[in-house]
2 protein chains.
Amino acid sequence: MTAPGEAARRKPARRPTIKDIARRAGVSESAVSFALNDRPGVSQDTRARVRRVAEELGWQANSAARALSGERAGAMGLVLARPAQTLGVESFFLQLVSGIQEVLSARKIALLFQVVEDLDTECALYRRWWAERRVDGVLVVDPRTEDPRPELLASLGLPAVVVGGPAIPEPAIPEPAVSAPPDPAAAHPPPLLSTVWADDAKAMARVLDHLHGLGHRRIVHVAGMPGLAHTERRIRSLRTEADLRGLDERHVHSVTTDYSDAEGAEATRRILDAAPPPTAIIYDNDVMAVAGASVAAERGIPVPGALSIVAWDDSALCRVTHPRLTALVRDTPGFGRLAAQELLAVLDGGPLRTVQGELPHLEARESTGARPPR
Amino acid sequence: MTAPGEAARRKPARRPTIKDIARRAGVSESAVSFALNDRPGVSQDTRARVRRVAEELGWQANSAARALSGERAGAMGLVLARPAQTLGVESFFLQLVSGIQEVLSARKIALLFQVVEDLDTECALYRRWWAERRVDGVLVVDPRTEDPRPELLASLGLPAVVVGGPAIPEPAIPEPAVSAPPDPAAAHPPPLLSTVWADDAKAMARVLDHLHGLGHRRIVHVAGMPGLAHTERRIRSLRTEADLRGLDERHVHSVTTDYSDAEGAEATRRILDAAPPPTAIIYDNDVMAVAGASVAAERGIPVPGALSIVAWDDSALCRVTHPRLTALVRDTPGFGRLAAQELLAVLDGGPLRTVQGELPHLEARESTGARPPR
DNA sequence: AGACGGTACTAATGCGTTTTAGTAGGTGTC
DNA sequence: GACACCTACTAAAACGCATTAGTACCGTCT
């Protein structure tokens, strides 16, 4: 017996093709194709025999050949445009991806995942993927308020689903009536792509309910990146909820950051320097929330004694701090599954849709408590 | 003018092929192929003209056709076998992937990234990718001590590089001489795959130098998952380093976990319950280190006053805690680049190699200090 | 002048699959 | 018994590219 490694190196095992199956089953290649793809044109007997032979040979369709013969590439794409150093701690993406794949891999569809530096590179990559016919569709993440991607993808005819969009105002929050709406068509352009999203407005309402119920009246929202659609949605929702409770800009407002721990900490320092400082802070992700909690610890500000903290997005992070952080929990893998299903639906010629993910719920932990007296 | 969305939907823009270029440049398809692939057989003039036309048309080779015509799929694979709920906070993988892609995308090679539940599924996926000819090679992460993957991949003839291996003993640490070595061939099987790895032994030596230099004599290592090669390497290295300093099992030892915050915290509680408790703890990842720091805070144990903490792997996490954690910093994207380069080398028919990544350095922050008196 | 060799190209083939266009044989119809 | 009609299959084409085998032309050598 030879060493398995060497043997393997010498004979790189030819992969079986349809032709091998045909020969072995004593039928034509077309018959094999029909049999394996559940197409009519072969008897039950033949179909079963071909299937058995294919199984024996361990045959799998050559994806390139299948893609070439007019059909699909059997792959979807997901691009994450983030500067390399911003990558990291957030658990959101791996979980989203894992949910997406749960759906795709059941259909034997692969996922091309690519991390790029910026939006331009992302767009260039879509073009390349499209020209190379590498993917059948893409999932667009981090939708922005002025987003070139839907337009681009629609013009390429590359099926896509926006994850986390859209940038249109939520129906639940009627805009205050204005004398002459500037340009309704521009404000509400018809959506170019299907979209799955979470209702940030309702989620924000839940957070405000929680904090307001605890007596908090001075609340600051440390938001994420300015251009992102959900950042803007959350900021707007905060304002709406504050208005409902009669709290003006001086008491309740948002500041934007780049989502990093550094800016989260920096924003927290500035916020706590204000006179009077807020009694509660809402952070747009878990990393910043932890960074903020750390700043409070550094300054000896008791949490939740003097300051309550809420993290938008839960993860192990929120449970390893002391105290553990109250967080908005959402089912991120579920969101990924939803997005993948919607993309498959679009590929199957389904209509453009806007579907809504599960509403996040607030997991109250030790970082939120009653407003401090005085 | 029609709405852009509608127009896009109606006319899904045919993608240019080599035939289009040929027609437009007034040459045959083969000439175009020669010109675009830097093959001899066309004049400089023609080559330039064809290139220009291809550029104008925005032509990109159809990846399926290219793959089918005997060549490569133009894609690599990376499978991450982790239970869904373990996914998350670690920044390691996204950074690794980003480094890998820096190298691959320069060569227009795509990365298929897949998250699966367990090792069996991972192996099945390799088989499928191989049979479908979906990838030209794969990167194997999380190498284990008893790892079926190298054998499988070698037998399939699917080029691969192990990232973070190998499971062979480091040459720097000669094993204590034994009378009859059990089976040297089994202990040191010839490597089946190329490997990139970091010298965990030297890194551990650095950590021990640091802690020992600060006076620590009772040190516990909270390691990761038992079956993983680097876990075993680190455990062995710790023992070696402890022996060198005359510290026996009672003073210096390792415990294993599943890398999660929960087990990191749990292990910390048990460790601190020991009499006498250690004065320093080394955690195998950032998440557990933060969880451990949180347990210390919970118990009112001052860090580093009474307990020093070191995290193996740095990330934003280590900087957002209070105090900030001393960590072993490695250049993870660089490691990814190295792995990708090595994989390309293997594809180009290069020899099986074992290359070593940059040695991590210890970033001393506030979580380590002099051994407490008494 | 004929053989030789090189250059710049074209024609034709193959990759593995799907799909379209046949075709042979049987069954039913009137 | 000629016709249509179905079933179960085969043959052939197509997908877009790389590649191999020509081919036409030109200059050079003997």
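Just so you know, these numbers use all the heavy atoms, side chains as well, and skip hydrogens, waters and symmetry mates. Convention: sequence-line order gives letters A, B, ...; per-chain numbering from 1.
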Determine the sole option in B:Asp136, B:Leu139, B:Asp348 for which the side-chain contact (heavy atoms from CB on, under 4.5 Å) test with B:Leu343 is passed.
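The residue from B:Asp136, B:Leu139, B:Asp348 that satisfies side-chain contact (heavy atoms from CB on, under 4.5 Å) with B:Leu343 turns out to be B:Leu139.
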
Nearest 0.5 Å, what's the [atom1]-[atom2] distance between [X] and [Y]?
{"X": "B:Trp59", "Y": "A:Glu132", "atom1": "CH2", "atom2": "CD", "answer": "9.0 Å"}
{"X": "B:Leu80", "Y": "B:Leu78", "atom1": "CG", "atom2": "CG", "answer": "7.0 Å"}
{"X": "B:Leu347", "Y": "B:Arg107", "atom1": "CG", "atom2": "CZ", "answer": "8.5 Å"}
{"X": "B:Glu122", "Y": "B:Arg127", "atom1": "CD", "atom2": "CZ", "answer": "12.5 Å"}

Would you indicate which nucleotide in [options] comes nearest to any side-chain atom of [X]?
{"X": "A:Asn37", "options": "C:dC9, C:dT18, C:dG16", "result": "C:dT18"}
{"X": "A:Ser30", "options": "D:dC17, C:dG16, C:dT19", "result": "C:dT19"}
{"X": "A:Ala65", "options": "D:dA8, C:dT17, D:dC15", "result": "C:dT17"}
{"X": "B:Ser69", "options": "C:dT18, D:dT19, D:dA18", "result": "D:dA18"}

Round to the nearest Å and state the distance from [X] atom [atom1] to [N] atom [atom2].
{"X": "B:Glu29", "N": "D:dC15", "atom1": "CD", "atom2": "P", "result": "10 Å"}
{"X": "B:Arg134", "N": "C:dC15", "atom1": "CZ", "atom2": "P", "result": "21 Å"}
{"X": "B:Asp45", "N": "C:dT7", "atom1": "CG", "atom2": "C1'", "result": "14 Å"}
{"X": "B:Arg15", "N": "D:dC17", "atom1": "CZ", "atom2": "P", "result": "11 Å"}
{"X": "B:Asp38", "N": "D:dA18", "atom1": "CG", "atom2": "P", "result": "12 Å"}
{"X": "A:Phe34", "N": "C:dT17", "atom1": "CZ", "atom2": "P", "result": "15 Å"}
{"X": "A:Arg47", "N": "D:dA8", "atom1": "CZ", "atom2": "C1'", "result": "11 Å"}
{"X": "B:Leu68", "N": "C:dC15", "atom1": "CG", "atom2": "C1'", "result": "4 Å"}

Looking at [X], I'd like to know whether one of its side-chain N or O atoms comes within less than 4.0 Å of OP1 or OP2 on [N].
{"X": "B:Arg39", "N": "D:dT19", "value": "yes"}
{"X": "B:Arg133", "N": "C:dG16", "value": "yes"}
{"X": "B:Arg66", "N": "D:dA18", "value": "yes"}
{"X": "A:Thr46", "N": "D:dC9", "value": "yes"}

So which of residues 52-62 of chain B are in contact with DNA chain C, with a heavy-atom cut-off of under 4.0 Å?
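Output list: empty, so none.
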
Hey, can you pull the residues of residues 16-28 of chain A with a non-hydrogen atom under 4.0 angstrom from DNA chain C?
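Close to the strand are A:Thr17, A:Ile18.
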
For A:Ser33, which contact category applies under a 4.0 Å heavy-atom criterion: base, sugar-phosphate, or nothing?
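Base, at least one base heavy atom under 4.0 Å.
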
Check against salt bridge (charged side-chain N to carboxylate O under 4.0 Å, His left out), B:Arg52 and B:Glu56
CA-CA 6 Å; B:Arg52 195 161 36 74; B:Glu56 277 170 29; 3.7 Å; yes

Close side-chain approach of A:Leu68 and B:Asn62, heavy atoms under 4.5 Å
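Yes, at least one pair of side-chain atoms sits under 4.5 Å.
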
Please check: side-chain N/O of B:Arg134 versus main-chain N/O of B:Arg128, any donor-acceptor pairing under 3.5 Å?
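Here the side-chain-to-backbone pair does not exist.
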
Distance-only donor-acceptor check, side chains B:Ser33 and B:Ser30, under 3.5 Å
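No, no side-chain donor-acceptor contact under 3.5 Å.
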
I'd like to know if B:Asp142 pairs up with B:Arg82 as an ion pair, taking the criterion as any Lys NZ or Arg NE/NH1/NH2 lying under 4.0 Å from an Asp or Glu carboxylate oxygen.
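The answer is yes: the pair qualifies as a salt bridge.
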
